[in-house]
Amino acid sequence: MNQFTFESKQKTVLLSFMGLGLLCLLLTFFTDSQPMHMRFWTNLLHNTVFFTGIAFIILFFLAANITAWAGWYTLFKRVWESMASFMIPGLALFLVIIAGMWLGWHELYHWMDADTVANDPVLAGKSSFLNKNWYTFGTLIIVGVWIFFAWKLRQLSLEEDKMGGPQFSQHHRMRIWAAAFLPLAGFSSAALIWQWVMSVDAHWYSTLFAWYSAASWFVAAGAFTILLLIWLKSKGYYSEVTKEHLHDVGKYVFAFSVFWTYLWFSQYMLIWYANNGEETVYFQTRHQQYPVLFYGNLILNFVMPFLILMRNDTKRKNGTLIFASLIVFFGHWIDYFLMIKPGALHTAHELAAAHGAEAAHGAEHAAEAVHHASNFAAGFTIPGLLEIGTMLGFAALFIYVVLNKLTQAPLVPANDPYLGESEHHQVWYEFGEDEEVAHH
Amino acid sequence: MSTVVSPIREPLIEGGKTYHDITEDIAAPTERTPSVAWVLAFMVAVSGLALYVFCLGWTIWNGIGTWNLNRTIGWGWDITNFVWWIGIGHAGTLISAILLLFRQKWRTGVNRAAEAMTIFAVMCAGQFPLIHMGRIWLAFFIFPYPNTRGPLWVNFNSPLLWDVFAISTYFTVSLLFWYTGLVPDLATLRDRSKGLRRKLYDFFSFGWTGSAKHWQRWESLSLVLAGLATPLVLSVHTIVSFDFATSVIPGWHTTIFPPYFVAGAIFSGFAMVQTLMVLTRKVLNLQEYITLSHIESMNKVILVTGSIVGVAYLTELFIAWYSGYIYEQFAFYNRVFGPYYWAYIGMMSCNVLSPQIFWFKKIRRSIFWTFVMSIFVNIGMWFERFVIIATTLARDYLPSSWSYYSPTWVEIGLFVGTLGLFFTLYLIFVRVAPVIAIAEVKAILKSAGDQFTGAKAQQHEGAQQQAH
Amino acid sequence: MKNDKKEVLYGLYDDEEQLMTAVKKAKSDHLEIMDVYSPFPIHGLDPVMGLSESRLHIAGFVYGAIGALFGFGFMTWVFTRDWPIIFGGKPYWSVLSFIPITFELTVLFASVGMVVTFYTICGMWPGAKNPTLDNRLTDDKFCIAFQTNGASTQEVDQLRSFFSATGASEVNEKEL
């Protein structure tokens with residue numbers, strides 16, 4: 001079974017989840033108590049950033065593996081190529097946000113409000129970067145370039161299947177494209193993360209932020225790879241992909257969970273230690289008003305994967321792998337939630353206060369805003385059912401796109417120079433079990 | 001048993017070696033009389049060491065008033081040198097640990113020498129904070145021991161104390177890791193030698209026999225130590241960066257410092273490994289074990305880490321502007337256009353711009369350019385630390401205390417002297433221990449020897465691959 | 001131990017793949033291998049020999065946990081009980097700033113503990129004299145050794161024919 005068939009039953013399930021997601025989005029839109037439908041727009045932004053980021057980072061990882069002459073993943077590289085293809089719908093989703101930005105449907109970012117910027121020297125100082133033009137063209141051009149590289153690597157990979165020979169000319173060309181993509185992606189992803197996510201807290205800044213959020217994407221992407229591979233194997237595909245391969249993806253999830261924690265600690269500890277007001281406010285808000293998410297983030301993304309995946313055997317068993325992957329996938333979704341929601345809620349309050357002031361009810365509204373800030377806000381303080389539903393819808397869309405892409409090419413590539421290495425991949429000898437292997 | 005290796009992988013061991021050849025070739029430098037090149041190099045290195053001892057004595061006798069530090073610029077060449085050496089001391093454990101975890105076979109050609117280099121570099125680095133404290137005879141105050149002062153403990157909240165723990169742990173673990181890897185090879189030397197040499201290697205090889213159970217434990221130990229050493233390598237330079245980043249000094253306090261320092265350390269460490277390897281492989285005639293493939297791989301690491309460092313430089317610059325925080329903005333304006341602009345130019349051109357020539361395969365595989373670039377990077381990374389330390393301090397919050405600093409001959413002598421110390425230790429090392437991990441090279445022979453893989457592989461092996 | 005020396009019959013092989021095949025055959029012939037010696041670690045040998053997995057890493061985990069608890073506990077005791085001092089307006093019990101030292105001590109304890117354990121259980125220390133069968137075992141020879149104390153001639157012959165059947169290049173006897 002080297003050809004994936006996307007069964008109509010699977011499509012139906014995924015489409016119904018997408019329907020659920022859409023329903024949740026609509027419900028959010030109409031029941032939103034925040035000004036300018038902030039809850040709705042943050043949900044859209046949150047999921048768009050999260051899933052597009054996963055597609056981007058897996059392309060980055062694929063390029064890194066090609067450049068580093070890695071051979072172990074070759075058998076299932078089509079999975080990563082397919083995941084990267086989600087950048088196209090991702091860009092479309094960004095276009096919705098961008099359209100809303102130009103048409104005044106939302107006030108997702110504080111810097112979008114011309115009156116605020118005019119009266120705020122900090123935001124005014126940033127306005128040559130934080131503006132609608134940069135946001136629009138930055139997103140379009142940079143994601144466009146990423147899509148181009150994803151397409152190019154995919155084309156070469158498909159060409160290799162059909163026309164590859166002992167010269168491995170496609171592979172050599174892939175190396176060039178992959179190597180070129182790495183620095184480009186390194187620079188451009190930072191610029192986009194600042195715009196998309198960091199500027200939600202428009203006053204705040206942290207130099208580490210881009211790497212931190214990219215690490216978050218990567219762990220989620222690794223977890224998704226594990227889940228998808230195990231599912232595909234359970235359907236009878238990818239019989240050549242063994243626990244040796246899963247072990248290695250598991251190691252990446254483990255290692256990058258630790259790396260993510262390292263970046264989390266570096267960022268948090270330095271800001272806590274230096275205690276500069278303009279930096280500390282970011283974590284102060286999260287620590288005081290979002291304690292469940294703040295500590296939950298660390299438990300889901302560090303404590304759990306660390307304890308579960310520390311041993312060798314847990315990285316080789318489907319049960320523990322699925323469990324850990326689900327946790328960290330959800331955990332990093334939460335991480336993005338925590339990056340986006342508090343800043344957006346603050347923006348909503350500020351704007352409400354500002355608009356209220358125009359109507360000469362400033363004091364009351366400002367008081368109300370402060371009151372709000374210390375209280376539970378549905379869909380902000382913790383993800384509500386609508387957020388979970390929306391996430392499931394997006395996940396279904398993501399899976400749909402990936403599976404659809406998987407149908408378009410053989411699952412196992414042919415003529416890749418590392419195919420043999422990948423087929424004979426072995427990382428660990430299981431004691432007791434390998435008696436049989438020894439007889440072969 | 002036979003390993004499947006991609007047909008496009010280049011061999012890592014050339015010359016169709018047998019196991020015995022490997023033993024002979026790598027053990028040879030420790031068994032023959034030193035070459036003229038070695039003797040000359042050793043004389044130069046020992047002269048440097050003598051300079052070091054002299055300047056150290058001068059500093060201790062006369063006090064650090066003999067340095068040009070002033071009230072504004074309290075950290076100058078001393079801490080610059082410290083961070084520079086510690087950075088260099090990262091490549092060894094990195095090569096061994098991270099590359100072991102990533103199953104990069106090329107590490108076997110260079111890990112032993114790189115680990116030794118790590119240990120010597122950390123020894124050089126460790127001197128500077130100690131002498132910098134002024135009264136070196138009270139240096140033991142940095143350790144938390146029950147004392148008659150209360151007992152008043154050290155400040156566990158201080159990054160400077162974290163440094164004490166980080167560097168001593170790093171030194172200890174690197175030493176254990178290196179020595180444990182060395183033990184089987186010392187046994188090889190033992191079994192080849194006679195007389196006094198045999199007695200000495202007998203002592204230092206700890207009675208290694210090569211039993212299967214011992215190898216199993218040895219591998220398990222190596223893997224766990226690698227797993228521990230990987231976060232350890234990251235932590236050490238992270239903590240060094242905390243020395244700066246926990247402060248509220250603009251230009252020092254920035255959250256990207258930890259990973260950026262680590263990338264810079266790997267960068268400079270690999271550059272020093274290249275400097276040493278290019279010379280070592282030539283002088284000890286080990287070109288078939290440290291091949292152009294090895295050199296190229298290391299050049300790639302240099303290119304990658306150089307670019308990461310470049311991203312970090314630009315991130316810092318950009319965020320300084322973006323922050324809207326005028327002191328931060330000034331700190332970076334001062335870096336680029338201030339009195340030390342030349343150091344900034346040196347840093348940018350050596351670390352970010354010049355390594356970009358490694359995009360060309362020809363240059364990556366050129367010994368000449370590799371050597372030139374490795375020196376460039378060493379210089380550039382020294383400048384980076386100088387830029388961070390001296391440039392930032394020279395222009396603090398109070399314009400009335402702004403100052404300029406240039407070193408005295410004592411400070412320069414100490415720096416040049418540590419180079420002497422470093423090379424003396426390294427040159428002794430290549431005489432007494434195998435510079436390449438013999439056992440580990442043998443273990444990859446069948447998957448990376450040129451008679452088994454690559455263009456010159458023997459016919460039957462090729463046929464075997466087709467069968468797979 | 002000195003009094004009753006081990007009588008050992010051992011065969012040398014030129015290649016680790018030969019050795020692997022021989023070990024497998026010894027296992028299927030139910031010959032009791034005393035030990036296998038090689039100049040480098042051979043992957044996949046341990047399960048074939050029936051060696052159990054090394055538990056060294058478990059010891060490492062325990063040492064690391066001790067280091068972490070000791071480091072964190074000590075700093076906690078110093079700054080909350082023994083001599084609390086406020087540094088930089090931070091709380092006495094500043095968990096965040098204890099993490100770096102706790103981490104370093106975890107690694108230090110785990111590494112030193114494991115290395116010491118390794119040398120102890122392998123019977124190795126500076127100057128240890130563990131007899132070896134052949135000088136070439138750290139060079140290019142691979143060896144299977146059988147203990148022959150009290151073995152009958154018939155059994156010794158069986159071992160010798162095993163060695164010749166599996167392609168050993170040399171067969172020797174030695175007392176350890």
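Letters go in sequence order (proteins before strands), and every chain restarts at 1.
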Let me know if [X] has heavy atoms under 4.5 Å from chain C in its side chain, its backbone, both or neither.
X: Val248(B); value: neither
X: Thr180(B); value: both
X: Pro159(B); value: neither

Quiz prompt | Note, Thr166(C) side chain near Gln18(C) side chain (heavy atom, < 4.5 Å) | solution = no
Quiz prompt | Sub-4.5 Å side-chain heavy-atom contact between Asn172(C) and Tyr10(C) | solution = yes
Quiz item: How are the rings of Trp208(B) and Phe118(C) set relative to one another: parallel (under 30°), tilted (30 to 60°) or perpendicular (over 60°)?
Solution: tilted
Heavy-atom cut-off 4.5 Å, strictly under: side chain, backbone, both or neither for [X] against chain B?
X: Asp35(C); answer: side chain
X: Trp83(C); answer: side chain
X: Thr132(C); answer: side chain
X: Phe109(C); answer: neither
X: Phe61(C); answer: neither

With a 4.5 Å cut-off on heavy-atom pairs, point out which of [options] contacts chain B the most.
options: Leu108(C), Asp14(C), Leu105(C), Val112(C); answer: Leu108(C)
options: Asp15(C), Val78(C), Asp134(C); answer: Val78(C)
options: Thr117(C), Leu137(C), Ile121(C), Leu133(C); answer: Ile121(C)
options: Thr21(C), Ile85(C), Ile101(C); answer: Ile101(C)
options: Asp140(C), Asn135(C), Leu56(C); answer: Asn135(C)

Quiz item: Would one find more than 12 heavy atoms of other residues, nucleotides or ligands at under 6.0 Å from atom CD of Glu175(C)?
Solution: yes
Quiz prompt | Heavy atoms of other groups near Trp93(C) CH2, more than 12 under 6.0 Å | solution = no
Quiz prompt | Nearest atoms (heavy-atom pairs only) where Ala145(C) meets Val8(C) | solution = CB-CG1, 3.7 Å
Quiz item: For the side chain of Trp162(B) and the backbone of Phe156(B), is there at least one donor-acceptor N/O pair under 3.5 Å apart?
Solution: yes
Practice problem: Taking Asp21(B) for its side chain and Thr18(B) for its backbone only, find out whether a donor-acceptor pair lies under 3.5 Å. | Solution: yes
